[in-house]
*Asks:* 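Structure provided below as structure tokens; questions to follow.
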Amino acid sequence: MLDTEPDLSTRLFSHIDFTHGAVAAVSGGSDSTALLLLLKQHLDRAASSAKLLAVTIDHGLRQGSAAEAQAVAKLCAERGIAHRILRWSGRKPSTGLPAAAREARYNLLAEAARAEGIGLIVTGHTADDQAETVLMRHARGREPADMAGRGLAGMAPGTLYDWREWIVRPLLGMRRSTLRDFLRREHVGWADDPTNIDEVFERPRVRAALAGESAGHVENALRLAGQAAVERRQLGAGAADLIRRFASQPGTGLIRLDPALLTAGDDRAAIYALRILLATAGGVAFLPDQTRSEALFGRLKAGFLCATLSRTVVDFRRAGLFLRREARGLPPAATAVDNTIWDGRRHITLNDRADALLIAPLGATAARRLAIDDEETPASLMRAALAAEPASRQALENPGLPRGEPGSPAFVARPVVSPFSHFLPSFDLAPARAVAELIGASALPASPWGGHSAD
Ligand SMILES: Nc1ncnc2c1ncn2[C@@H]1O[C@H](COP(=O)(O)OP(=O)(O)OP(=O)(O)O)[C@@H](O)[C@H]1O
């Protein structure tokens with residue numbers, strides 16, 4: 001081994017907090033195999049008590065995947081690394097297979113981490129993957145105004161999964177060729193996934209195109225991503241600041257924006273804040289379209305209105321600018337499932353698991369019976385927001401039960417920051433934190449970078 005290699009693993013991992021261990025996602029390809037060996041080297045030297053679990057997902061999608069997983073198991077056994085193979089046993093869709101496989105993979109990795117009390121998953125995404133991602137997004141050119149600030153930032157160094165586990169990508173600044181050189185020196189082989197060169201798919205096409213370009217082409221793409229990431233973080237910090245200064249929550253499900261937001265002076269950040277709040281109030285995973293959000297912002301500047309965007313009613317009147325979930329398209333009454341998200345907005349925790357509990361929107365009739373004692377906010381708005389909150393059917397039908405708030409003692413409905421509750425790229429930490437504080441969502445888990453800021 002070259003003398004420089006301990007420096008390499010220190011450089012890659014020393015800013016990450018491994019106190020609570022790590023799951024290494026190892027497919028058996030060159031990148032994640034190198035990731036595993038470099039991480040093991042680092043932990044042996046710097047954090048020998050930290051738990052390391054390598055996990056390989058066998059998607060069962062091509063011949064040979066089980067053998068590749070076994071090869072990783074063998075390598076791990078030789079190196080004294082705990083390893084698990086997890087199979088994707090769910091239904092395989094006929095369209096959108098790569099996305100479904102990715103979703104299943106992250107879910108299995110997160111479950112494995114949770115089972116071991118580990119809050120950190122590391123993946124082997126490289127600078128080459130980053131360049132491909134940026135070029136693909138560039139080529140698609142969707143929503144140019146938005147992509148300039150967000151999508152072109154590429155993959156974030158970290159992503160919070162389900163508001164719980166951090167997925168960290170320590171190799172994002174490393175070229176694949178460097179990692180392969182490392183493996184060759186270590187005399188460790190790797191598997192080549194044939195789908196990586198199957199040009200039916202977009203990523204392999206971009207990969208092949210990049211292989212024919214000079215190194216400068218990749219560097220340009222990475223520089224572009226770096227600049228876009230800085231812009232995205234700045235925009236997020238600006239939006240977070242505006243949310244803290246101008247947004248409040250007068251009642252459950254109701255967000256009030258001080259109209260001074262419209263003239264605060266930073267329209268880009270205000271529109272970004274508005275988009276995040278619209279998605280949150282509506283329980284939508286994606287931010288509303290940039291162009292429509294800009295148009296809405298322009299109309300708000302012009303005066304009072306009532307409009308709907310992203311399943312959210314935007315009601316601007318003398319008393320203020322209010323956002324709430326529209327009444328249309330709420331989930332029908334259904335048996336509550338513990339630890340699930342209701343309507344994209346509320347995390348449901350059941351207190352009493354013995355009984356089948358029916359949850360339905362509270363509805364306008366029941367909301368009308370609730371006592372509202374808020375002098376500043378129109379009671380009709382408070383009630384309209386409460387009508388879209390989850391309530392147990394039992395509580396609704398039993399007039400003897402106490403009123404005042406929807407819900408029931410049988411479950412807790414905790415707000416979630418909808419656009420970031422499943423995947424929160426570290427670029428967007430600041431606005432996610434500001435919205436979580438605003439709506440009373442759970443606090444974010446500690447950052448994997450400890451005192452360093454790599455987000
Ligand atoms: N079968 C697998 N088992 C475990 N980890 C995997 C598997 N496939 C991919 N990974 C992890 O994901 C990283 C990226 O892999 P790859 O680029 O093939 O996936 P991707 O579909 O682009 O993933 P992503 O959606 O996260 O970008 C790998 O370096 C590895 O850490």
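Read the numbers this way: they start at 1 and go in the same order the structure lists the ligands and their atoms. Residue indices begin at 1 and follow the sequence shown. All values reported here derive from a predicted model rather than from experimental measurement.
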*Asks:* In ligand 1, which numbered atoms sit nearer than 4.0 Å to a non-hydrogen atom of T123?
*Replies:* 31 (O)
*Asks:* Checking contacts here: is it the side chain or the backbone of V26 that comes within 4.0 Å of ligand 1, counting heavy atoms only? Could be both or neither.
*Replies:* backbone
*Asks:* Please could you name the atoms of ligand 1 that H125 approaches to less than 4.0 Å, counting only its heavy atoms?
*Replies:* 13 (C), 14 (C), 23 (O), 24 (P), 26 (O), 27 (O), 29 (O)
*Asks:* Would you say the side-chain atoms of R169 and T159 include a donor-acceptor pair closer than 3.5 Å?
*Replies:* yes
*Asks:* Have H42 and T10 got a donor and an acceptor in their side chains that come within less than 3.5 Å?
*Replies:* no
*Asks:* What closest approach, in Å, do G124 and D31 show between heavy atoms, and which atom pair accounts for it?
*Replies:* O-CB, 3.2 Å
*Asks:* Going by side-chain contact (heavy atoms from CB on, under 4.5 Å), name the residues that satisfy it together with P419, two or more places apart in sequence or in a different chain.
*Replies:* I276, A279, T280, L287, V417
*Asks:* Check each atom of ligand 1 against the heavy atoms of V55 and keep those under 4.0 Å away; list them by number with element.
*Replies:* 4 (C)
*Asks:* Between the side chains of S248 and R256, is a donor N or O closer than 3.5 angstrom to an acceptor N or O?
*Replies:* no
*Asks:* Any non-hydrogen protein atom below 4.0 Å of atom 16 (P) of ligand 1?
*Replies:* no
*Asks:* Considering distance alone, does some N or O of V122 sit under 3.5 Å from an N or O of ligand 1?
*Replies:* no
*Asks:* Closer than 4.0 Å to some heavy atom of Y106 - which atoms of ligand 1 meet that?
*Replies:* 24 (P), 26 (O)
*Asks:* State whether the shortest distance between N or O atoms of D31 and N or O atoms of ligand 1 falls below 3.5 angstrom.
*Replies:* no
*Asks:* By number and element, which atoms of ligand 1 are closer than 4.0 Å to a non-hydrogen atom of R102?
*Replies:* 21 (O), 23 (O), 24 (P), 25 (O)
*Asks:* With heavy atoms of S32 as the reference, note each atom of ligand 1 found under 4.0 Å away.
*Replies:* 29 (O), 30 (C), 31 (O)
*Asks:* Between E231 and Q227, does any side-chain donor sit less than 3.5 Å from a side-chain acceptor?
*Replies:* no
*Asks:* Is L109 in polar range of ligand 1, meaning some N or O pair under 3.5 Å apart?
*Replies:* no
*Asks:* Within the 3.5 Å criterion, strictly below it, is a donor on D428 or Y272 matched to an acceptor on the partner's side chain?
*Replies:* yes
*Asks:* Establish, from distance only, whether the side-chain atoms of T252 and E389 form a donor-acceptor pair under 3.5 Å.
*Replies:* no
